[in-house]
> 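Below: one structure in structure tokens.
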Amino acid sequence: MAADLDVVNLFVIAGATLAIPILAFVASFLLWPAALIKVYYWYWRRTLGLQVRFADCGGYRFCYSSRGKIGIRPSILLLHGFSAHKDTWLTVVKYLPKHLHILCVDMPGHEGTTRTNAEDYSIQGQVKRIHNFVETIRLNRKPFHLVGTSMGGNVAGVYAACYPSDVCSMTLICPDGIRHPCETKFDNHLQDMQENQYNMSIPLIPTTPEEMEDMLRLCSHVRFKIPQQILQGLVDVRLPHNDFYQEVFTEIIAESSRYALQEHLHQISAPLQVIWGKQDQVVDVSGAAVIAETLSACKLELLENCGHYVVMEKPRRTAKLILDFIISQQDLSGHKTKKRS
């Protein structure tokens, strides 16, 4: 009888031990979805071997995550888009070889990087800050591969034009900053906003779970089924920063920034790869042809059944395209060097 009770007690203790983490997860999902999202990113950074670091640039602090060391292949610096953060790239990093030196940085004012004033949030202002970051961590000791998506693509392109010796090759993913011939759903909304003197809500700055769902539909061709609690968590994470996002948005659609990439295309000398979702409703895919007209040697990769969130919708494909492009450019460079010798 005593032995039977011991077995029962063992099952009770084991059940309680298992129940505690399960209940904690359920409670977090229902009551603190924003906290659960932060834990999710923390877990994936650890799983992928990324370490969060800080770089101080004369009182200005950059937050970034990195993996690997400088080696035979060039380092890869990844610049995220508007209102995003360094963890945007986790889905792509997952499919990149672990020996590569990879850096994902929070753009000026975003997430863990210092917030200052509007001057730093224009495209030119962000380019200068990113250059400060590159010099502080001495990333440009050897030319690196630069990747940017959306707003980050605009910044990356202007960076390559202004600091050509830093960049050995570059990938732009659905970059902003181009006068694309065809208008998108988002372009139409921008026109309505201008006519209403910007008194309308901005689709890229959601304030409710419903608006968050609308934003995901706008940015993604793939329809992700996201529970209401997670949508609420995504909104809760963003809400404290919405005034800042409004400030950045005002800067990047201003005359000096809106078409900055197109205005600097003729100055880009680095080999260029352009990846674009054919169903992009934010920045129309016709922008790819505009880039190719100026830079005829650029390599275009247009993805079927894919919207603006290429890194979320096609992460494996994106990682492969970037890696293949880097290798091909290195092989080409090596072949030219042999010819000269």
Side-chain angles (χ1 to χ4, degrees), residues 34-57 60-71 73-115 120 126-127 129-153 155-156 159 166-167 170-173 233-234 237-238 240-241 244-245 248 275 309-312 314-316 318-323 326:
L36 191 62
I37 288 167
K38 289 180 179 178
V39 169
Y40 168 82
Y41 286 133
W42 170 84
Y43 170 77
W44 272 108
R45 282 197 303 269
R46 282 186 63 87
T47 301
L48 296 173
L50 287 161
Q51 290 187 315
V52 174
R53 303 176 188 276
F54 296 92
D56 290 312
C57 315
Y60 189 94
R61 187 181 77 165
F62 271 100
C63 180
Y64 66 104
S65 58
S66 66
R67 184 179 79 183
K69 294 180 179 179
I70 296 175
R73 301 292 182 202
S75 300
I76 303 174
L77 176 59
L78 300 146
L79 308 182
H80 65 73
F82 169 73
S83 78
H85 46 75
K86 61 187 174 297
D87 294 326
T88 299
W89 295 105
L90 292 176
T91 50
V92 173
V93 172
K94 177 182 177 182
Y95 296 108
L96 290 171
K98 288 194 174 180
H99 66 269
L100 289 179
H101 185 220
I102 297 169
L103 303 96
C104 312
V105 64
D106 283 327
M107 297 294 279
H110 289 71
E111 194 80 2
T113 294
T114 301
R115 282 184 190 168
D120 277 340
Q126 293 193 60
V127 167
R129 283 296 184 188
I130 293 297
H131 185 59
N132 290 343
F133 168 70
V134 166
E135 291 207 308
T136 299
I137 65 168
R138 300 180 66 206
L139 182 63
N140 54 357
R141 283 176 293 171
K142 178 182 175 183
F144 55 87
H145 183 81
L146 183 59
V147 182
T149 183
S150 194
M151 177 192 80
V155 173
Y159 186 102
D166 285 3
V167 180
M170 179 172 55
T171 301
L172 302 182
I173 304 172
L234 291 170
V237 168
R238 295 169 64 98
H241 311 291
F244 161 71
Y245 295 149
V248 175
I275 302 174
Y309 276 167
V310 171
V311 296
M312 276 179 57
K314 305 281 185 181
R316 187 195 295 266
T318 302
K320 186 177 187 307
L321 287 172
I322 292 171
L323 185 60
I326 290 172

> Locate the shortest heavy-atom distance separating Ser150 from Gly81; write the atom from each residue and the value.
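For Ser150 and Gly81, the tightest heavy-atom pair comes out as CB-CA, 4.3 Å.
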> Would you call the rings of His241 and Tyr245 parallel, tilted or perpendicular, taking 30° and 60° as the class edges?
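Aromatic pair His241/Tyr245 classed tilted.
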> How long is the straight-line distance from NE2 of His80 back to CD1 of Ile173, given to the nearest 0.5 Å?
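Here the interatomic distance stands at 13.5 Å.
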> Taking side chain as C-beta onward, heavy atoms only, is Phe144 less than 4.5 Å from Asp166?
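They are in side-chain contact.
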> Measuring from Leu139:CG to Ile70:CD1, what's the distance to the nearest 0.5 Å?
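If I round to the nearest 0.5 Å, the distance is 6.5 Å.
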> Output the distance between atom CZ (Arg67) and atom SG (Cys104), rounded to the nearest 0.5 Å.
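The SG atom of Cys104 is 9.0 Å from CZ of Arg67, to the nearest 0.5 Å.
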> Side chains of Val92 and Arg316, heavy atoms from C-beta outward: is any pair under 4.5 Å?
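No, side chains not in contact.
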> Verify, without hydrogens or angle tests, whether Tyr60 (side chain) and Thr114 (backbone) share a donor-acceptor contact under 3.5 angstrom.
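Side chain of Tyr60 to backbone of Thr114, a donor-acceptor pair under 3.5 Å: yes, one is there.
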> Inspect the surroundings of CZ in Arg115 and state if more than 12 heavy atoms from other residues, nucleotides or ligands are less than 6.0 Å away.
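Atom CZ in Arg115 is crowded, with more than 12 foreign heavy atoms closer than 6.0 Å.
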> Determine whether the side chains of Arg238 and Ser83 contain a donor N or O and an acceptor N or O closer than 3.5 Å.
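Distance-only check passes for Arg238 and Ser83.
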> Any chance you could measure Ile102, atom CD1, to Ile322, atom CD1, to the nearest 0.5 Å?
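So the gap between those two atoms works out to 9.5 Å.
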> For the residue pair Tyr309 and Thr149, establish whether any side-chain heavy-atom pair is separated by less than 4.5 Å.
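With C-beta onward as the side chain, the pair stays apart.
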> Please report the closest heavy-atom contact between Val237 and Ala34, naming both atoms and the distance.
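Heavy-atom minimum between the residues: CG2-CB, 3.7 Å.
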> If you apply the rule side chain to side chain contact (heavy atoms under 4.5 Å, CB included), what do you find for Val52 with Cys63, and how did you get there?
CA-CA 7 Å; Val52 174; Cys63 180; 3.7 Å; yes
> So, using side chain to side chain donor-acceptor pair (under 3.5 Å) as the criterion, who are the partners of Asp87 when residues are at least two apart?
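Result, side chain to side chain donor-acceptor pair (under 3.5 Å) vs Asp87: Arg45.
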> Set out, in order, the CA-CA distance, both residues' side-chain angles and the distance that settles side-chain hydrogen bond (donor to acceptor under 3.5 Å, both in side chains) for Thr113 and Arg61, then state yes or no.
CA-CA 6 Å; Thr113 294; Arg61 187 181 77 165; over 6 Å; no
> Enumerate the residue pairs fulfilling side chain to side chain donor-acceptor pair (under 3.5 Å) with a member in residues 97-111, sequence neighbours excluded, ordered by first and then second residue.
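Counting only pairs at least two positions apart or across chains, the side chain to side chain donor-acceptor pair (under 3.5 Å) contacts touching residues 97-111 are Ser75-His101, Lys86-Asp106.
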> Could you tell me if the side chain of Leu323 sits less than 4.5 Å from the side chain of Arg73, heavy atoms only?
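Result no, sub-4.5 Å side-chain heavy-atom pair not found.
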> Would you check if the side chain of Thr47 reaches a backbone N or O of Tyr43 as a donor-acceptor pair within less than 3.5 Å?
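Checking the backbone N and O of Tyr43 against the side chain of Thr47, a donor-acceptor pair under 3.5 Å is found.
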> Mind checking side chain to side chain donor-acceptor pair (under 3.5 Å) for Thr171 and listing every partner two or more places apart, or none if nothing turns up?
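His145, Gln273.
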> Show the numbers, then the answer: is there a salt bridge (Lys or Arg N to Asp or Glu O under 4.0 Å) between Asp120 and Arg129?
CA-CA 7 Å; Asp120 277 340; Arg129 283 296 184 188; 3.1 Å; yes
> Is the backbone N or O of Arg138 less than 3.5 Å from a side-chain atom of Arg141, with the two atoms forming a donor-acceptor pair by type?
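A pair under 3.5 Å: yes.
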> Applying side-chain hydrogen bond (donor to acceptor under 3.5 Å, both in side chains), run through Ser66 and Arg53 and close with a yes or a no.
CA-CA 7 Å; Ser66 66; Arg53 303 176 188 276; 2.9 Å; yes
> Could you go through Phe62 and Cys57, starting from their C-alpha distance and side-chain angles, then the distance that decides it, and tell me whether this counts as side chain to side chain contact (heavy atoms under 4.5 Å, CB included)?
CA-CA 8 Å; Phe62 271 100; Cys57 315; 3.7 Å; yes
> When you measure from the side chain of Thr91 to the backbone of Val311, do you find a donor-acceptor pair of N or O atoms at a distance under 3.5 Å?
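It does hold such a pair.
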> May I have the step-by-step check of side chain to side chain contact (heavy atoms under 4.5 Å, CB included) for Leu78 and Leu103, ending in yes or no?
CA-CA 6 Å; Leu78 300 146; Leu103 303 96; over 6 Å; no
> Apply side chain to side chain contact (heavy atoms under 4.5 Å, CB included) to residues Leu79 and Ile130 and explain how you reach the verdict.
CA-CA 9 Å; Leu79 308 182; Ile130 293 297; 4.1 Å; yes
> Please find out if less than 6.0 Å separates the ring center of Phe133 from that of Tyr64.
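That pair passes the under 6.0 Å test.
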> Is it true that a side-chain atom of Thr318 and a backbone atom of Lys314 form a donor plus acceptor pair closer than 3.5 Å?
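Checked: pair present.
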> Is it the case that atom NZ in Lys142 sees more than 12 heavy atoms from other parts of the structure closer than 6.0 Å?
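For Lys142, atom NZ is crowded (more than 12 foreign heavy atoms under 6.0 Å).
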> Decide yes or no for Met107 and Phe82: does some side-chain heavy atom of the first lie under 4.5 Å from some side-chain heavy atom of the second?
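Result no, sub-4.5 Å side-chain heavy-atom pair not found.
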> Distance from Asp56 atom CG to Asn132 atom CG, nearest 0.5 Å?
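One finds 12.5 Å between CG of Asp56 and CG of Asn132.
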